[in-house]
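Below is one structure, written out as structure tokens; the observations come after it.
Since we're looking at a predicted model, the values are computed, not measured. Just so it is clear: chains get the letters A, B, ... in the order the sequence lines come, proteins before strands, and each one is counted from 1.
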Number of protein chains: 2
Amino acid sequence: MEGEPNMTDSRRSRPAKGPLSKEIIVKTAYELLESEGISGLSMRKIAKVLDTGASSLYVYVKNANELRAYVFDYGLMKVEITNLKNESWKKELFELLHSYFRILFDSPGMSELALMTIPIGPNSLAITEQILHQLNVGGVDAKASAWGVDILLLYAASFAYEQVARKDKGRNCNAVRTSFETLDTVRYPMIVSLKEDMLSGEEERFQWGLDVILQGILHSK
Amino acid sequence: MEGEPNMTDSRRSRPAKGPLSKEIIVKTAYELLESEGISGLSMRKIAKVLDTGASSLYVYVKNANELRAYVFDYGLMKVEITNLKNESWKKELFELLHSYFRILFDSPGMSELALMTIPIGPNSLAITEQILHQLNVGGVDAKASAWGVDILLLYAASFAYEQVARKDKGRNCNAVRTSFETLDTVRYPMIVSLKEDMLSGEEERFQWGLDVILQGILHSK
DNA sequence: TCCAATTAACGAACACTGTACTTTACGAAC
DNA sequence: GTTCGTAAAGTACAGTGTTCGTTAATTGGA
């Protein structure tokens with residue numbers, strides 16, 4: 001209304017507003033994900049940071065799901081893919097998966113994205129490729145490698161997701177703990193007697209699970 | 001407006017509208033989940049089936065998340081928990097986890113719920129208890145049982161979730177398959193050479209993974 | 001029997017969400 | 001200079017969970 005006469009001025013007064021692009025949209029979305037979690041990843045919030053409207057994003061991105069996939073793969077850039085020939089393949093595989101886990105665990109929302117997203121981005125593929133390579137070096141046959149990499153990644157993602165949920169819900173995982181405290185000893189004797197172990201561990205537990213799965217893959221012939 | 005004079009009549013004309021309760025809300029919600037998937041599980045849609053408003057549900061349920069947890073546990077009723085002493089513990093464990101997987105895989109939305117929900121409902125607990133029992137019979141020690149049951153359930157849920165996504169997205173998992181077809185052979189040699197194996201298998205693959213994890217647990221001492 | 005107190009049910013409203021459609025503005029090519 | 005393709009923007013629609021204030025019904029006690 002009042003700004004109509006100087007509409008061109010108002011546009012000229014902020015020339016720093018660079019043109020939109022898929023890259024800066026994904027980057028902005030990822031920063032929002034880091035600071036606000038998965039709930040920060042909405043078209044409107046991303047657009048607001050970029051000083052535009054939600055509909056403008058649809059020029060560069062098909063829909064919100066596709067954007068989420070891009071954001072997830074962008075976040076995987078930080079995963080360290082080392083390739084030191086002198087180290088043992090097992091140690092390198094562990095470090096890769098541990099790095100993957102840490103990225104999913106530390107950045108709020110990344111573990112959700114890992115589970116919702118079909119991992120066909122370049123960084124996802126690079127991680128998969130590297131794991132397949134390590135398993136191949138370790139003498140694992142084709143089918144076991146192909147199926148094993150899926151289990152390993154699935155384990156890291158779902159474990160990260162579970163740990164994140166456990167980290168957020170109350171301080172000392174109230175929901176689960178308090179329900180375990182008041183359990184019927186007759187109906188659930190095993191759970192009651194093992195409840196301490198069932199709530200313990202974090203990184204150590206992740207490593208243990210990794211070891212379990214890898215041992216299983218190696219004994220699967 | 002027009003119905004004002006016979007408002008009491010209209011209420012009396014449908015006395016079959018039984019009172020709300022947590023049980024029928026959960027039951028209705030589960031039926032909606034079965035027929036429409038996770039998107040059918042909204043407070044408004046559930047309320048509409050029960051011929052009421054969404055806000056009425058909040059008398060019996062704290063929020064949508066809690067309702068989802070109840071619905072998930074309700075769906076787990078169908079999981080077959082056998083306890084035949086004469087069978088081997090391994091076979092029974094496999095059958096239990098297979099039944100669990102099938103429930104999550106067949107009912108649309110159950111696998112999503114399995115991942116989002118903190119499993120503290122009675123049916124979840126019964127399944128956990130039974131798995132712990134079988135592992136105990138198999139001679140697995142305390143910590144390995146406590147941590148192993150988590151991995152086994154996590155595996156079944158995330159595998160079901162992945163397979164459901166693969167089943168829905170296009171007919172022959174277009175997204176993944178077409179991206180694998182056009183892969184750079186230089187950058188991703190392992191993926192290209194193993195792409196057939198990576199997309200194969202379903203039930204057989206689930207069994208294989210179960211075997212892998214169980215072997216790993218048994219060798220974890 | 002009648003009044004009081006509790007509580008279930010309801011409707012409207014709020015603050016969001018993703019996405020489609022229409023209109024405006026700009027930049028380059030002819 | 002005009003035209004044309006397209007990026008950007010605004011508006012609108014149909015949803016979502018949840019809260020609030022009000023109404024209706026039912027139950028318990030005198």
Check whether any side-chain N or O of A/Asp197 sits under 3.5 Å from a backbone N or O of B/Ala146 as a donor-acceptor pair, and report yes or no.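 Looks like no, no N/O pair under 3.5 Å.
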
I need the A/Leu33 CG to A/Leu113 CG distance, nearest 0.5 Å.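 Between atom CG of A/Leu33 and atom CG of A/Leu113 there are 5.5 Å.
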
OG1 on B/Thr28 to CD on B/Glu23, rounded to 0.5 Å: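 The OG1 atom of B/Thr28 is 11.0 Å from CD of B/Glu23, to the nearest 0.5 Å.
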
When you get a sec, tell me which of [options] is the closest nucleotide to the side chain of [X]?
X: B/Ser55; options: D/dT19, D/dA7, D/dT18; answer: D/dT19
X: A/Tyr60; options: D/dA9, D/dA8, C/dA9; answer: D/dA8
X: B/Ala64; options: C/dT19, D/dA7, D/dG17; answer: D/dG17

Round to a whole Å and report the spacing from [atom1] of [X] to [atom2] of [N].
X: B/Lys62; N: D/dT19; atom1: NZ; atom2: P; answer: 10 Å
X: A/Asn63; N: C/dA20; atom1: CG; atom2: P; answer: 8 Å
X: B/Lys48; N: D/dA14; atom1: NZ; atom2: C1'; answer: 11 Å
X: B/Ile46; N: D/dT16; atom1: CD1; atom2: C1'; answer: 12 Å
X: A/Leu20; N: D/dA9; atom1: CG; atom2: P; answer: 7 Å
X: A/Lys22; N: D/dA8; atom1: NZ; atom2: C1'; answer: 19 Å
X: A/Leu57; N: D/dG10; atom1: CG; atom2: C1'; answer: 14 Å

Could I get the full list of salt bridge (Lys or Arg N to Asp or Glu O under 4.0 Å) partners for A/Glu31, not counting sequence neighbours?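 Result, salt bridge (Lys or Arg N to Asp or Glu O under 4.0 Å) vs A/Glu31: A/Lys27.
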
Ring centroid separation A/Tyr155 to A/Phe206 under 6.0 Å: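 Between A/Tyr155 and A/Phe206, the centre distance is under 6.0 Å.
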
Using a distance-only test with no angle check, is there a side-chain donor-acceptor pair under 3.5 angstrom linking A/Glu34 and A/Ser107?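 Result is yes, a qualifying pair exists.
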
Identify all pairs in which a protein N or O lies below 3.5 Å from an N or O of nucleotides 15-17 of chain C, and state each distance.
| unit_1 | atom_1 | unit_2 | atom_2 | d |
| --- | --- | --- | --- | --- |
| C/dT17 | OP1 | A/Ser42 | OG | 2.8 |

Check the surroundings of atom CD in A/Glu66: do more than 12 heavy atoms from other residues, nucleotides or ligands lie under 6.0 Å from it?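 More than 12 within 6.0 Å, yes.
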
Indicate, with a heavy-atom threshold strictly under 4.0 Å, whether A/Tyr58 touches base, sugar-phosphate, or nothing.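 Answer is base: heavy atoms of A/Tyr58 come under 4.0 Å of a base.
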
